[in-house]
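A short worksheet on the structure shown next.
One-based numbering along the sequence shown. Since we're looking at a predicted model, the values are computed, not measured. Computed from heavy atoms alone, side chains included, the values below leave out hydrogens, waters and symmetry copies.
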Amino acid sequence: MTLILYTNPMSRGRIARWMLEEVGADYEAVVLDYASTMKAEAYRSVNPMGKVPAIVHDGKVVTECAAICAYLADAFPGADLAPRDDERADYYRWLFFAAGPVEAAITNRSLGVVPTDDQQRMVGYGSFDAAITTLEGGVSAHDYIAGDRFTAADVYVGSQVIWGLQFGSLPKTDGFVRYAAKLTGRAAYLRAAALDDALITPAAT
């Protein structure tokens with residue numbers, strides 16, 4: 001069994017590495033540079049978008065962070081991070097809500113794109129405030145996003161919240177702060193962060 005992570009320490013690749021550390025997988029990390037190797041033909045044969053992260057597991061490519069988290073939870077059932085029957089609805093609901101409406105709302109806000117009232121009917125997130133208020137309700141409803149225990153959905157949703165608080169793209173509400181605090185103390189999160197932080201040179205910061 002071979003598992004390769006294509007990443008950059010200053011990218012969403014940090015999400016995939018955290019998930020790999022959570023499942024305890026043996027993997028090789030291939031670090032790519034934005035200006036060169038990420039856009040080179042060799043990597044575009046893995047991900048034609050020229051974006052990271054991507055994983056290759058036994059010859060199969062998986063891209064997109066939410067998909068990588070869900071895939072790894074299924075591929076490594078011993079980690080018990082896939083949803084149980086009573087968690088399945090919330091697991092998929094919030095995983096894809098964070099990957100769709102929340103991601104779009106935060107990105108558009110950072111680009112200065114604010115949909116008008118009429119345009120809000122066209123965009124999946126409606127308005128930034130609506131998407132973020134809904135997300136806070138989700139992370140506050142239970143101990144974790146799908147219920148009372150940590151799952152792969154928390155890696156992705158949690159990453160959105162942790163980054164949002166760190167970089168100011170999410171408000172520091174009580175719900176978000178409490179949720180992030182539960183996740184940032186996890187051993188796998190700390191291992192993954194240390195590995196990526198060690199790859200960031202002073203020149204890159």
Side-chain angles (χ1 to χ4, degrees), residues 9-23 64-70 72-73 79-115 117 120 123-197 200 205:
M10 299 177 71
S11 76
R12 291 174 177 83
R14 297 178 76 101
I15 302 174
R17 190 190 287 275
W18 177 13
M19 186 63 196
L20 285 163
E21 292 295 323
E22 288 284 356
V23 299
E64 315 317 314
C65 289
I68 289 170
C69 290
L72 290 172
D80 199 22
L81 295 179
R84 298 169 185 170
D85 287 345
D86 62 337
E87 300 164 336
R88 199 172 303 277
D90 282 337
Y91 177 95
Y92 286 112
R93 174 190 178 184
W94 294 112
L95 180 65
F96 288 104
F97 182 76
V102 171
E103 173 83 10
I106 291 174
T107 299
N108 280 0
R109 169 65 71 90
S110 70
L111 295 174
V113 176
V114 180
D117 290 345
Q120 287 177 19
V123 295
Y125 63 87
S127 71
F128 177 86
D129 288 344
I132 301 315
T133 299
T134 301
L135 178 64
E136 187 187 12
V139 303
S140 302
H142 310 286
D143 286 342
Y144 294 97
I145 196 63
D148 297 329
R149 72 182 189 99
F150 181 88
T151 66
D154 290 293
V155 175
Y156 186 78
V157 177
S159 292
Q160 292 275 26
V161 172
I162 292 164
W163 287 3
L165 294 177
Q166 182 178 0
F167 294 106
S169 57
L170 286 180
K172 291 186 177 180
T173 64
D174 290 344
F176 287 145
V177 170
R178 282 196 300 268
Y179 180 59
K182 296 175 189 176
L183 305 181
T184 52
R186 292 184 63 82
Y189 175 87
L190 294 171
R191 285 197 307 272
L195 288 167
D196 278 323
D197 289 346
I200 301 174
T205 60

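- Rounding to the nearest 0.5 angstrom, the gap separating the OG atom in S169 from the CD1 atom in I132 is 8.0 Å.
- Relative ring orientation between Y144 and F150 is described as perpendicular, the plane-to-plane angle rising above 60° on a 0-90° scale split at 30° and 60°.
- A180 and V161 make their closest contact through CB-CG1, 4.3 Å (heavy atoms, listed as atom of the first residue, atom of the second, distance).
- Between D154 and K182, the closest side-chain pair of non-hydrogen atoms is not below 4.5 Å.
- In this structure, V155 and W18 approach most closely via the heavy-atom pair O-CZ3, 3.4 Å.
- Sorted by first and then second residue, the ring pair (Phe, Tyr, Trp, His ring centres under 6.0 Å) pairs with a member in residues 89-113 read W94-F97; sequence neighbours excluded.
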Side-chain atoms of residues 170-178: list all donor-acceptor pairs with protein atoms under 3.5 Å, sequence neighbours left out, distances to 0.1 Å.
unit_1	atom_1	unit_2	atom_2	d
T173	OG1	E136	OE2	2.8
T173	OG1	F176	N	3.3

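- The side-chain hydrogen bond (donor to acceptor under 3.5 Å, both in side chains) test applied to D196 returns R17, not counting sequence neighbours.
- Every residue was checked against the side-chain hydrogen bond (donor to acceptor under 3.5 Å, both in side chains) condition with D129, not counting sequence neighbours, and none meets it.
- Contacts of E103 classified as side-chain hydrogen bond (donor to acceptor under 3.5 Å, both in side chains), with partners at least two apart in sequence or in another chain: R12, Q160.
- To the nearest 0.5 Å, atoms CD1 (I15) and CH2 (W163) are separated by 4.0 Å.
- Residues satisfying the side-chain hydrogen bond (donor to acceptor under 3.5 Å, both in side chains) test with R88, not counting sequence neighbours, are D85.
- Counting heavy atoms from C-beta on, the side chains of L135 and Y179 never come closer than 4.5 Å.
- Between I145 and D90 there is no side-chain heavy-atom pair separated by less than 4.5 Å.
- Between E22 and T151, the closest side-chain pair of non-hydrogen atoms is not below 4.5 Å.
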